[in-house]
Each structure stands twice: as C-alpha cells, then as structure tokens.
Amino acid sequence: MKKNTTPATTDTITKSKKRTRNTCHMKPKPEPEAGFAISDIEDIQFREDSVAEIRASLLKWYDVNKRDLPWRRISEGEASDRKAYAVWVSEIMLQQTRVQTVIDYFNRWMEKWPTVHHLAQASIEEVNEMWAGLGYYRRARFLLEGAKMVVEEGGKFPRSVSDLRRVKGIGEYTAGAIASIAFKEAVPVVDGNVIRVIARLKTISANPKDKTTIKNIWRLAGQLVDSHRPGDFNQAVMELGATLCTPLSPDCSSCPVSSQCSALLKTKHDPSALVTDYPTKVAKVKQRHDYSAVTVVEILESEKGTVDTSDSGSKFLIVKRPEEGLLAGLWEFPSVSLNEKDDLVTRRRTVDDFLKNSFGLNVNRSSNIVSRDEVGEYVHIFTHIRLKMYIELLVLRSQDLHRKKDKGSMLFKYVDTKTLATMGLSTGVRKAYNMVLKFRQSRSSPISR
DNA sequence: AAATCGGGGCC
DNA sequence: GGCCCAGATTT
C-alpha cells in the first residue's frame with residue numbers, strides 16, 4: 001500500500017482535477033514525492049463511515065458527560081423563545097470567555113432580565129453594571145440593542161441563521177449556536193474548540209487564523225453535524241474541546257473519538273509528533289505599552305472642611321469614556337495619557353490642566369487642596385495593551401471651588417462611595433479605586449494595620 | 001487580511 | 001510571563 005508512509009492523512013483524497021479558484025495566486029507547487037503528499041486543506045474531508053462513527057460516539061459521550069450548566073436547564077417546553085433568549089445571552093457571554101467565568105454572570109443576568117422583553121426595557125448603565133468585569137463591553141451593548149430590535153419587531157425571536165445574522169453582535173458562530181440549540185436547525189458551529197478538535201482529527205497544519213482555513217473548518221464541521229440532534233452535537237464537540245481535547249494537555253485515553261483522530265495516530269508512527277502540534281501555533285502581535293495618570297478627585301462636601309475620613313460628605317468625580325474605542329461608554333476617574341518617561345511633576349501638571357479645562361477644577365490654588373498623595377502604580381494587562389497607571393488621590397475642599405456643570409464635550413458627574421460600589425466600572429478602574437480606598441483606610445486608622 | 005476589543009485562570 | 005478562551009466588527 002502506497003500511502004502507508006502517511007498515516008496521518010489516510011482519510012484525505014488526493015484530488016486529480018485542478019481547482020478553479022486560487023490557482024492563479026499560488027506558487028507552482030513541486031510535484032509531491034511519491035508516497036508523500038501534504039494535502040491541500042480544500043481536499044480534506046471526512047469519510048462517510050467516519051462521520052457516522054464520530055456522530056454516534058460523540059453524542060453518546062455527551063449524553064453521559066455533559067456538564068450541568070444553567071443555560072442547559074432551560075427547556076424549550078412552554079416557550080421556545082425563552083430558551084432562545086437564554087442561549088443567546090449565554091453565547092454572547094461565552095465569546096472569548098470561559099464557561100466557569102460566565103456561570104455567575106449568566107445567573108445574575110437571567111434573574112434581572114428573565115425575558116427579552118425585560119432586557120429591552122433596561123438602560124445601558126444597568127447593562128454595564130451587570131456586565132462589569134466580563135470584558136469586551138461592546139458585546140453587552142449589542143445584546144441590549146438586539147433585545148430592543150427583537151421586541152420592536154413583534155417580540156418573535158429570529159429562528160434561522162440568516163435572520164439571526166441580522167441582529168447586531170450575532171456573527172456566524174452565535175447564529176449557528178442559537179439556531180441549532182434552540183431551534184434544531186441542522187447547521188454547524190465553529191469556535192476555538194471546534195477548530196482545535198477538527199484540526200487534530202484531520203491533522204490540519206494550515207494557519208488556523210487564515211480565512212481559507214476557517215472556511216474549510218466550517219465545511220468539515222458541516223459534514224459532521226448530526227441533523228437529528230444538531231444542538232447537542234455542536235455542544236458535544238465544544239464540550240470535548242473544553243474538557244478533553246484541551247490546548248496543552250489533551251486526555252486522549254478518555255476521548256470518545258480517539259479512534260478517528262489523525263493527530264493521535266500520527267504520534268504512534270512518529271515519535272517526535274504530538275497531538276498538541278495541531279492546530280499549528282500562530283505568532284502573536286506584540287502588546288502596546290500605554291501610560292496614564294489616574295486621579296481620584298474627592299470633594300469634601302462637609303461644612304467644616306476638615307479631613308473627614310468617613311464616607312459621608314464626600315463626592316468623587318467620574319468621567320464617561322467616548323462611545324467608541326476601548327471600554328466605550330464606561331465611567332472612569334479622570335485620566336490623562338502620559339509618555340513613558342514623564343515624572344511626577346510632569347504628570348501632575350498634565351492632570352491639573354485636564355482638571356481645569358474639562359471640569360473647572362482649579363487645583364493650583366493650594367487653599368483648595370486638602371491633600372494630594374501618590375497611592376501607587378498598577379499595571380493592567382489587556383490582550384493588546386499593557387497599561388501602566390499612576391494613581392493618586394486628590395482631596396479638595398468644596399468651598400471656593402467653582403465646578404463646571406457638565407456642558408462641554410466631556411460628560412462627567414460627582415457620585416458618592418455607595419454609587420461607586422455598585423456601578424459598572426471596568427476591572428482596571430475598579431482596581432485603582434480599591435487601591436485608593438485601601439489607602440484612605442490605612443491613613444485614617446494606622447493602628448488597625 | 002489585520003486590527004480592535006477585556007479579563008482571567010492555568011501552566 | 002505566555003497561552004487562549006462556546007467571536008464580532010471595523011478598516
């Protein structure tokens with residue numbers, strides 16, 4: 001048998017006809033050596049018997065091993081729209097986010113807004129409060145927009161992939177998930193788990209971020225999906241990827257489809273091969289380094305003007321971020337971006353200009369200043385940014401302070417600690433605030449430490 | 001096709 | 001410190 005030197009690709013079919021597309025973009029490929037062919041991803045497919053085996057084994061495994069997750073508890077019994085809403089909320093929360101992280105957020109969300117009609121009545125401030133800490137806040141905004149859209153169009157939930165795709169924030173994956181899980185449409189889904197599982201099943205070495213690769217993974221997932229139980233099958237593949245076929249340490253000995261896995265087979269012929277070689281690694285883009293001065297401005301409202309260490313009588317200045325870009329529309333403490341080498345004097349001068357120009361706070365007159373202290377530094381890591389924050393607490397007396405009413409381009413307000421405790425702050429801002437609270441605490445009662 | 005958009009848990 | 005997670009949108 002000629003192909004026995006390429007066990008990893010025994011399922012692939014060497015295509016004889018030329019492809020009509022892409023050919024002109026490709027460098028002429030040398031004719032493969034006899035007995036060894038790197039298969040083109042377009043040529044990869046599952047055999048019929050393999051499809052049947054994978055469906056049966058995976059569904060059987062899933063029925064026994066599926067995790068008890070809150071969004072799986074809502075049956076489509078009386079109202080399939082309620083099921084669809086639950087799936088929708090869960091799928092949006094699950095984008096780029098682990099199941100364990102989502103569970104509590106999901107339960108709180110469903111308690112506050114049990115149906116799409118409840119959600120449609122919510123404000124963006126409430127939504128941000130419920131979402132705070134989950135990240136990718138655009139998802140929450142789209143969810144609210146989508147709920148309003150659904151209700152305005154009669155409250156009937158979109159049922160097909162094509163209808164679902166028109167809702168803001170619902171892409172190919174989420175449309176497929178809702179349609180298959182809530183409405184039994186026989187469509188596949190492709191997320192990070194599915195890419196990993198299929199890349200291993202078929203030893204796909206193409207760049208998993210490449211559009212052509214993704215397109216072909218969709219094609220292969222479409223071959224696999226079980227038309228009788230599409231929702232369960234899709235969840236089964238993802239469950240497998242999340243629990244057994246994991247990125248770094250797959251548990252192949254427990255895998256229900258190990259007999260169908262080319263990557264595992266390859267390791268038995270090639271001692272240097274690993275299942276974790278698939279999908280292939282992709283170089284990451286480098287992080288940007290940002291620097292900012294975060295100033296927590298506390299206004300003492302008490303008549304005495306003394307350093308009041310209790311919370312009563314204090315207001316804190318918060319500012320609304322622009323509606324586009326990073327952390328869009330979220331509230332934060334006044335912040336200015338810095339250059340890497342800016343020293344304390346420069347930082348404070350920049351802050352003072354900002355406070356004066358944007359909020360009418362003149363902090364140059366020392367008569368207004370009760371205290372001004374460096375609280376500390378904190379490095380907050382985003383996926384693409386490393387943000388170093390210089391945090392300070394600036395306490396000002398209320399008298400003689402001509403504060404602006406917010407009328408300019410910058411939206412701002414003064415709130416108390418009680419409001420700050422519950423409102424939707426991003427994690428980095430929340431961290432800075434907690435540092436300030438701790439600093440105030442230690443200053444007011446040094447003995448208690 | 002590449003960049004943007006959060007945060008956290010695990011190694 | 002790196003990895004990557006039940007991705008979508010914009011440019």
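So that the names make sense, note that chain A is the first sequence line, chain B the second, and so on, each numbered from 1.
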Check your understanding: Which is true for V194(A) with a 4.0 Å heavy-atom rule: it touches a base, it touches only sugar-phosphate, or it touches nothing?
Key -> nothing
Exercise for review: Pick base, sugar-phosphate or nothing for L326(A), based on heavy-atom distances below 4.0 Å to the nucleic acid.
Suggested key: sugar-phosphate
Point to revise | Nearest-0.5 Å distance that lies between atom CZ in F233(A) and atom CE in M238(A) | key: 10.5 Å
Practice item. Mind checking S426(A) for me? I need base, sugar-phosphate or nothing, with any heavy atom below 4.0 Å counting as a touch. Key: sugar-phosphate
Exercise for review: Could you work out the separation of dA8(C) and dG9(B) based on their C1' atoms and round it to a whole Å?
Suggested key: 23 Å
Point to revise | Between dT4(B) and dA6(C) - P atom distance, rounded Å | key: 25 Å
**Study point:** dG6(B) and dC3(C), which share atom name C1', separated by this distance in whole Å
**Key:** 15 Å
Study note, to complete from the structure: Side-chain atoms of Q95(A) come closest, of dA8(C), dC3(C), dG6(B), to dA8(C)
**Study point:** Value in whole Å for how far the P atom of dG6(B) lies from CG of D290(A)
**Key:** 13 Å
Practice item. Would you mind telling me which of dG7(B), dA6(C), dC4(C) lies closest to the side-chain atoms of H380(A)? Key: dG7(B)
Check your understanding: Nearest to the side chain of Y136(A) - dG7(C), dA6(C), dT4(B)?
Key -> dG7(C)
Review point. If you measure from CH2 on W331(A) to CE on M423(A), what distance do you get to the nearest 0.5 Å?
Key: 6.5 Å
Revision key, fill the gap. Picking from dA6(C), dG6(B), dA3(B), the nucleotide nearest the side-chain atoms of R67(A) would be dA6(C)
Exercise for review: Pick base, sugar-phosphate or nothing for R72(A), based on heavy-atom distances below 4.0 Å to the nucleic acid.
Suggested key: base
Exercise for review: Give a yes or no answer on whether the side chain of D163(A) reaches the backbone of R159(A) with a donor-acceptor pair at less than 3.5 Å.
Suggested key: no
Point to revise | Residues, nucleotides or ligands: over 12 heavy atoms within 6.0 Å of K281(A) NZ | key: yes
Practice item. For I385(A), answer base if it contacts any base atom (sugar-phosphate contacts may also be present), sugar-phosphate if it contacts only those atoms, and nothing otherwise; contact means non-hydrogen atoms under 4.0 Å. Key: nothing
Check your understanding: Contact class for E172(A) (heavy atom, under 4.0 Å): base, sugar-phosphate, or nothing?
Key -> sugar-phosphate
Check your understanding: Has K209(A) got a side-chain N or O lying under 4.0 Å from the OP1 or OP2 atom of dG7(C)?
Key -> no
Exercise for review: Go through the N and O atoms of the side chain of R98(A) and the base of dC4(C), and report whether any donor-acceptor pair is under 3.5 Å.
Suggested key: yes
Point to revise | W131(A) CH2 - dG6(B) C1' separation (whole Å) | key: 11 Å
Review point. Any donor-acceptor pair under 3.5 Å joining the side chain of T97(A) to the base of dG6(B)?
Key: yes
Check your understanding: Do any side-chain nitrogens or oxygens of Q96(A) fall under 4.0 Å of OP1 or OP2 in dG7(C)?
Key -> yes
Review point. If you look at every strand shown and take non-hydrogen atoms under 4.0 Å, does L69(A) touch a base, only sugar-phosphate, or nothing?
Key: base
Point to revise | Backbone of R55(A) reached by a side-chain donor or acceptor of D226(A) within 3.5 Å | key: no
Exercise for review: For the pair S442(A) (side chain) and F439(A) (backbone), establish whether a donor and an acceptor sit closer than 3.5 Å, ignoring hydrogens and angles.
Suggested key: yes
**Study point:** Touch class at under 4.0 angstrom, heavy-atom based, for T427(A) against every strand present
**Key:** sugar-phosphate
Revision key, fill the gap. When rounded to whole Å, the CE to P distance for the pair M93(A) and dG7(C) reads 15 Å
Practice item. Report which part of the nucleic acid G241(A) touches: base, sugar-phosphate, or nothing (heavy-atom distance under 4.0 Å, all strands). Key: nothing
Revision key, fill the gap. Side-chain contact check for R138(A): nearest option of dT4(B), dA6(C), dC5(C) is dT4(B)
Check your understanding: Are any of T174(A)'s side-chain N or O atoms less than 4.0 Å away from OP1 or OP2 of dG7(C)?
Key -> no
Review point. So what does I170(A) hit on the nucleic acid, given a heavy-atom distance under 4.0 Å: a base, only sugar-phosphate, or nothing?
Key: sugar-phosphate
Review point. Are H384(A) and dC5(B) close enough that a side-chain N or O sits under 4.0 Å from OP1 or OP2?
Key: yes
